[in-house]
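Please read the structure below before turning to the comments.
Each ligand, and each atom within it, is numbered from 1 in the order the structure gives. None of the values given here were measured: they were computed from a predicted structure.
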Amino acid sequence: MVGQTTSITRDLIASRQGVCVTITKQHVSGVILPLVTPFSDGKVDEKSLTQLVARYRATGITGVVLAGTTGESPVLSGSEVQLVVEHVAGELDGALPVYLGVSGNDTRSVAADIASYDKLSVDGYLVAAPYYNRPSQAGLSAHFDAVARQTDRAVIVYNIPYRTGVNLENSTLLALAERHSNVVGVKDSSGDIKQSMELIREGSERLAVMTGEDHLFFACVALGGAGGILASAHVLPERFVKVYRDLADGRREDALSAWNQLSPWIPLLFNEPNPVPLKAWLAEQGIISSAECRLPLAPATPGLLAAVRERLPRDPAH
Ligand SMILES: O=C(O)C1=N[C@H](C(=O)O)C[C@H](O)C1
């Protein structure tokens with residue numbers, strides 16, 4: 001797995017030099033980091049973005065997601081998304097794949113957004129099921145058909161019913177992956193362990209099954225899943241990567257002991273809406289300049305701030 005990561009990195013560097021490389025299922029594995037979008041006085045804070053990339057690029061993570069939930073996608077304008085992508089892709093200079101979160105509940109707009117983001121340095125998309133209008137499985141199929149047809153780049157489908165109000169069933173997802181070779185992965189936050197286990201069992205041959213439930217990371221990889229897209233991996237990223245590599249290389253006991261040092265504090269990061277606790281921690285460590293989130297995410301409560309200070313580990317790199 002470690003060797004594979006290195007060769008992927010080389011492929012991507014080649015791609016930035018003009019040789020086009022397609023992200024496949026194999027690229028989507030390990031620990032992918034959904035980066036926060038730092039703000040300062042209401043604006044995207046580019047200096048903090050630079051610091052984020054400097055901190056995380058060589059930790060062993062296998063990619064970054066920009067403008068995901070953790071990146072506060074609902075409150076970013078199109079031009080801010082472009083700024084974040086260009087800034088991060090420029091800093092990374094091909095060292096890691098860049099995935100962009102693009103979601104919405106109007107299929108035509110999502111397809112149009114993807115058409116315009118295809119001009120940017122984006123290697124793939126993380127696309128959540130439409131929220132609020134609660135389409136049927138047929139509607140979800142047609143939505144993702146339109147997305148997958150719109151681009152040659154990789155698509156990771158994001159199933160998160162507790163945010164969107166609709167569950168993408170495994171059969172719908174697997175049929176979609178059969179129809180589109182660029183549907184290479186799923187970020188599974190179904191919230192239903194039976195559904196997740198079935199997906200890993202039945203779907204892993206065709207799709208990279210990445211968990212989006214941070215507390216299930218060990219279980220997902222131990223069961224044969226491909227890895228995780230984890231906001232909590234901002235904290236001790238190297239240790240999350242170690243859990244993955246130990247499991248992938250058959251060192252289960254080592255993986256478990258590393259995991260047992262991570263799992264007790266992960267829930268704290270979700271005690272208030274993500275990324276509020278995470279940004280409080282990042283600002284406390286000096287990795288970003290301010291914990292600022294945009295409304296409707298309210299600032300961290302004093303109780304949360306105290307817990308973040310007392311219970312989360314310090315960043316060893318700062
Ligand atoms: O932005 C993401 O990607 C993630 N979002 C989840 C959420 O907040 O719903 C959490 C997960 O760790 C990554």
Is the [atom1] atom of [X] crowded by more than 12 outside heavy atoms at less than 6.0 Å?
| X | atom1 | answer |
| --- | --- | --- |
| Y162 | OH | yes |
| R206 | CZ | yes |
| D118 | CG | yes |

Determine, for R245 against D249, whether the closest basic-nitrogen to carboxylate-oxygen distance falls under 4.0 angstrom.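 No, this pair does not count.
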
Using a strict 4.0 Å threshold on nitrogen-to-oxygen distance, state whether E238 and R55 make a salt bridge. yes

Identify all N/O pairs between ligand 1 and the protein with a separation under 3.5 Å and present them as a table of atom names and distances.
from: ligand 1; atom 1: 1 (O); to: T69; atom 2: N; distance (Å): 3.1
from: ligand 1; atom 1: 1 (O); to: T70; atom 2: N; distance (Å): 2.8
from: ligand 1; atom 1: 1 (O); to: T70; atom 2: OG1; distance (Å): 2.8
from: ligand 1; atom 1: 3 (O); to: K187; atom 2: NZ; distance (Å): 2.5
from: ligand 1; atom 1: 5 (N); to: K187; atom 2: NZ; distance (Å): 3.3
from: ligand 1; atom 1: 8 (O); to: R163; atom 2: NH2; distance (Å): 2.9
from: ligand 1; atom 1: 8 (O); to: N274; atom 2: ND2; distance (Å): 2.7
from: ligand 1; atom 1: 9 (O); to: R163; atom 2: NE; distance (Å): 2.8
from: ligand 1; atom 1: 9 (O); to: R163; atom 2: NH2; distance (Å): 3.1
from: ligand 1; atom 1: 12 (O); to: D214; atom 2: OD1; distance (Å): 2.5
from: ligand 1; atom 1: 12 (O); to: D214; atom 2: OD2; distance (Å): 3.1
from: ligand 1; atom 1: 12 (O); to: A231; atom 2: N; distance (Å): 2.8

Applying side chain to side chain contact (heavy atoms under 4.5 Å, CB included), name anything that partners A233, two or more places apart in sequence or on another chain. V31, L33, L230, F240

